[in-house]
Amino acid sequence: TSGNVLTSDGTNWASTAPASSAGLVFIQEVTASNVANVTLGGFSSTYDSYQIEVVNVYGGNSNNLRTRFTVNGSELTSGYHSSVERRSAGSSSTNIYGLASYPYLQVTGDSLGAASSSAMSTTMRIFGYTGYKTFISHGLGNYGGLNNADAIGGHESSTGTLNSVNFFLLSGNIYGKFRLYGIVKS
C-alpha cells in the first residue's frame, strides 16, 4: 500500500503503516569556528517547542554563553529573567542566583573555557513559538579544571512570534556545534 513500510521477518514480507512520527525533527546545525555569534533559525508554527543541543562549545576570554531571541523580526535586548544553579563535581558547594530584567538569557552557569579542553555541552528546551516563551537548560562543562553541572530556567517577557535564537559571548569568539530540533506536537 502506498505510504506503508515494507518489512521482513527473514521469511515473509509485510506491508505495515509507518511508525508514529513523534519525537525530534532536525532543523539546522551550525558549526562555529572563531565567530562572534551563532544564530539558529527555522522556527515555525509546525512545532510548539524546540530543543537546542550545544556541543563541545568553548570561547575566548572566559565568558558565560548567552542568548537572545528574535521575536517579530527584532532581537530582544531586555526583559529576560532566569534562575541559575551551578555545582562543581567533587564539591558540596552550589552557586544559585537569579537574573531579573536582563538584556540576555544566560545559557551556562559559569564561564566557558578558552580552549577545547575546557568545552561544555548543554541541552536547551524552548517552550512556546508564539506568546510567552520559557526555556530550560542543563549541561556539563569543564571550567578552570573542574567539571561543573548547570541547571538554568527562565523566560522572556514578550508575547510575539519567535524567529531565531542568537548565541554570543560578551567578548571573544565561539567554537563548537549548535543543533536545532523541532519537537513534534502530540
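Predicted model, so just to flag it, every value in this text is computed and none were measured.
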Ignoring hydrogens and geometry, is there a side-chain-to-backbone donor-acceptor pair from [X] to [Y] under 3.5 Å?
| X | Y | result |
| --- | --- | --- |
| E53 | V55 | no |
| N163 | G73 | yes |
| H81 | G154 | no |
| T122 | H138 | yes |

>> Set out, in order, the CA-CA distance, both residues' side-chain angles and the distance that settles side-chain contact (heavy atoms from CB on, under 4.5 Å) for V30 and R179, then state yes or no.
In response: CA-CA 7 Å; V30 174; R179 296 184 189 115; over 6 Å; no
> Looking only at heavy atoms, which two atoms of G160 and N72 are closest? And how far apart?
Replying inline: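 It is CA-ND2, 3.5 Å.
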>> Can you give me the closest heavy-atom contact between G41 and S164, atom names plus distance?
In response: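 So the two residues come closest at CA-CB, 4.2 Å.
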> Under 6.0 Å from the six-membered ring centre of Y104 and within 45° of its axis: does the NZ or CZ of R66 meet both?
Replying inline: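 Yes, R66 sits over the ring of Y104.
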>> For Y102, is the OH atom crowded, meaning more than 12 foreign heavy atoms sit under 6.0 Å from it?
In response: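 Counting neighbours around OH of Y102, 12 or fewer heavy atoms of other residues, nucleotides or ligands fall under 6.0 Å, so no.
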Please report the interatomic distance [atom1]([X]) to [atom2]([Y]), rounded to the nearest 0.5 Å.
| X | Y | atom1 | atom2 | answer |
| --- | --- | --- | --- | --- |
| L162 | E156 | CG | CD | 8.0 Å |
| N37 | T67 | CG | OG1 | 10.0 Å |
| L65 | M124 | CG | CE | 9.0 Å |
| I96 | S83 | CD1 | OG | 7.5 Å |
| T31 | K177 | OG1 | NZ | 3.0 Å |
| N56 | M120 | CG | CE | 10.0 Å |

Can [X] and [Y] be counted as having a side-chain donor-acceptor contact under 3.5 angstrom?
| X | Y | answer |
| --- | --- | --- |
| D48 | Y129 | no |
| Y97 | Q106 | yes |
| T161 | T130 | no |
| T108 | D150 | no |
| N166 | E75 | yes |

> Using the benzene-type ring in the case of Trp, are the ring centres of F43 and Y50 under 6.0 Å apart?
Replying inline: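 Distance test on ring centres: under 6.0 Å, yes.
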Just so I know, are the side chains of [X] and [Y] near enough to count as touching, which here means a heavy-atom distance under 4.5 Å?
| X | Y | result |
| --- | --- | --- |
| V35 | N173 | no |
| I126 | V165 | yes |
| I136 | I152 | no |
| I174 | V57 | yes |
| R125 | S137 | no |
| R68 | T77 | yes |

>> Between L99 and L169, is there shared hydrophobic-cluster membership here, with clusters defined by ILVMFWY side-chain heavy atoms closer than 4.5 Å?
In response: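 Linked, L99 and L169 end up in one cluster.
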> Can you list the steps and then say if L105 with Y80 is a side-chain contact (heavy atoms from CB on, under 4.5 Å)?
Replying inline: CA-CA 6 Å; L105 282 172; Y80 296 99; 3.3 Å; yes
> S157: what forms a side-chain hydrogen bond (donor to acceptor under 3.5 Å, both in side chains) with it, not counting sequence neighbours?
Replying inline: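 Applying side-chain hydrogen bond (donor to acceptor under 3.5 Å, both in side chains) to S157 gives none.
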>> For F167, run the ring pair (Phe, Tyr, Trp, His ring centres under 6.0 Å) check against F178, Y175, F69 and tell me which one passes.
In response: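 Of F178, Y175, F69, ring pair (Phe, Tyr, Trp, His ring centres under 6.0 Å) with F167 is met by F178 alone.
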